[in-house]
Amino acid sequence: MSNKTKRFILPEDEIPRYWYNIQAEMKNKPMPPLHPGTKQPLKAEDLFPIFAEELSRQELDQENAWIEIPEEVREMYKYYRSTPLVRAYGLEKALGTPAHIYFKNESVSPIGSHKLNSALAQAYYCKQEGITNITTETGAGQWGAALSYAAKIFGLEAAVYQVKISYEQKPYRRSIMQTFGAQVTPSPSMSTRAGKDILTANPLYQGSLGTAISEAIELAQTTPNCKYTLGSVLSHVALHQTIIGLEAEKQMEMAGEYPDIVVACFGGGSNFAGITFPFMRHTILEGKKTRYIAAEPASCPKLTRGKFQYDFGDEAGYTPLLPMYTLGHNFAPANIHAGGLRYHGAGVIVSQLLKDGYMEAVDIKQLESFDAGMLFARAEGIIPAPESTHAIAAAINEANKCKETGEEKVILFNLSGHGLLDMTSYDKYLAGDLVNYSLTDEDVQGNLDKIGDLV
Ligand SMILES: *Cc1c(COP(=O)(O)O)cnc(C)c1O
């Protein structure tokens, strides 16, 4: 085993003081979100009824490249940040690759994933603005868990709609949310108009993120002093997550290297944005030739097979229309174990960057993702979240290419979370019960045809 440094961490006073807002430096800015009724471009004020005001401003900010992290949020970050940057010597050896593989370990946050980085910021701004209650939706439960904890820290009441199938299949994440004092409701529920409509049409519906978002937004709109929060997709969430890449940039410097390839798994794009944007800054401003790879599940391929168009963020059509790569807001993905990657669309910033050729996307089949997760677990001793295994699989593919060519490329990937609460998925894999889901072009096109052009 090499006697070189394996783990790079920053002293407290080196934790970044600003988030990086890539919108301000993009050559082609993302197109504006549109009001779902009037189809007019939205201003920050239009978002105030749903989101905290500061978050609404951050969402549409195309001017300020650096946004100061509030002292209270930075103090909370210090409990788990910086997260370690680790040289994956074990994985390199297992692969026999000349590539240098590094991963940023976001699984060390108190709730086990990167989600807390934005949850703390969102809860803080809500509290600052005198809000008492926050709502949200959660799929696999990572976001709900992060938000429930952040709400507790800043003294807010949290109500979480959890996609019904996850509520039933992942009971421990529900217990975690309840441990932090949140009220958790399986979605679709009879507590909202949106939920009732869907249940009336289809009483056995197992739920989707889109439906749960509709329910959470409706609750926020009908409850006084209550705001809605979202754990992915939106630009202010991507902004908060840049703490990951800003730290990684300093840590790679400590390691004396610079990444040729940066990889992350992709649900709505927040952990991908988080690790890549600070590096992509150098590609935009200085033409640095780094590759950025988003790894999505083959069963929910919005980046590799979706269409760039205006679409709703939720199933019921309550949200603004967003210019994004989408499979259609009514897309019902297969029930893969990477619950956090089952979303129909991609954030507007990443969508624009993909359209402009700044990044690439690959799709990974379920069995390939778990093969990679097993290999990583055995080599590095960390059981990755099923979502994160997609990033690992894509990083392994690149490392294997280096093996063929003999190139010593530097590959950095984000380990977005651990999988210690996802052992049922690993059990199924070990028992040979996991399957791949295929999606025909007709499935993809048929769904897009159904929604048509919305603008
Ligand atoms: C939510 C989640 C994801 C996917 O969300 P992004 O916004 O695309 O990052 C990935 N990994 C983990 C562990 C998650 O909790």
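Each ligand, and each atom within it, is numbered from 1 in the order the structure gives. One-based numbering along the sequence shown. Since we're looking at a predicted model, the values are computed, not measured.
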For [atom], what is the nearest protein heavy atom, given as residue, atom name and distance?
atom                    : result
atom 11 (N) of ligand 1 : Ser416 OG, 2.7 Å
atom 4 (C) of ligand 1  : Gly340 O, 3.4 Å
atom 8 (O) of ligand 1  : Gly267 N, 2.6 Å

Quiz item: Does ligand 1 have any atom that is closer than 4.0 Å to a heavy atom of His114?
Solution: yes

Would you mind listing which atoms of ligand 1 come within a distance below 4.0 Å of any non-hydrogen atom of [X]?
X      : answer
Gly417 : 13 (C)
Leu341 : 4 (C)
Cys265 : 10 (C), 11 (N)
Ser232 : 6 (P), 7 (O)

Quiz item: Between His418 and Ser107, what is the shortest heavy-atom contact and its length?
Solution: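 The pair with the smallest heavy-atom distance is N-CB, 3.3 Å.
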
Exercise. Take atom CD of Glu129 as the centre, draw a 6.0 Å sphere, and report whether it contains more than 12 heavy atoms from other residues, nucleotides or ligands.
Key: yes

Quiz item: Any side-chain heavy atom of Ile15 sitting closer than 4.5 Å to one from Glu247?
Solution: yes

Self-check item: Aromatic centroids of Tyr358 and Tyr292 separated by under 6.0 Å
Solution: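 Not under 6.0 Å, so no.
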
Quiz item: Taking the six-membered ring for Trp, are Tyr426 and His337 ring centroids under 6.0 Å apart?
Solution: no

Exercise. Between Val237 and ligand 1, find which residue part has any heavy-atom pair under 4.0 Å and reply side chain, backbone, both or neither.
Key: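 It is neither; nothing of Val237 touches ligand 1.
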
Quiz item: Under a 4.0 Å heavy-atom limit, does Trp143 contact ligand 1 with its side chain, its backbone, both, or neither?
Solution: neither

Quiz item: Side chains of His390 and Glu296: donor-acceptor distance under 3.5 Å anywhere?
Solution: no

Quiz item: When you check the side-chain N and O atoms of Asp61 and Asn64, is any donor under 3.5 Å from an acceptor?
Solution: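 Result is yes, a qualifying pair exists.
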
Practice problem: State plainly whether the residues Lys127 and Glu72 are in salt-bridge range, i.e. N to O under 4.0 Å. | Solution: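 Judged by the 4.0 Å cut-off on N to carboxylate O distance, Lys127 and Glu72 do not form a salt bridge.
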
Exercise. From the options Glu387, Lys115, Gln142, select the one whose nearest heavy atom is closest to atom 2 (C) of ligand 1.
Key: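 Selected option, by shortest heavy-atom distance: Lys115.
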
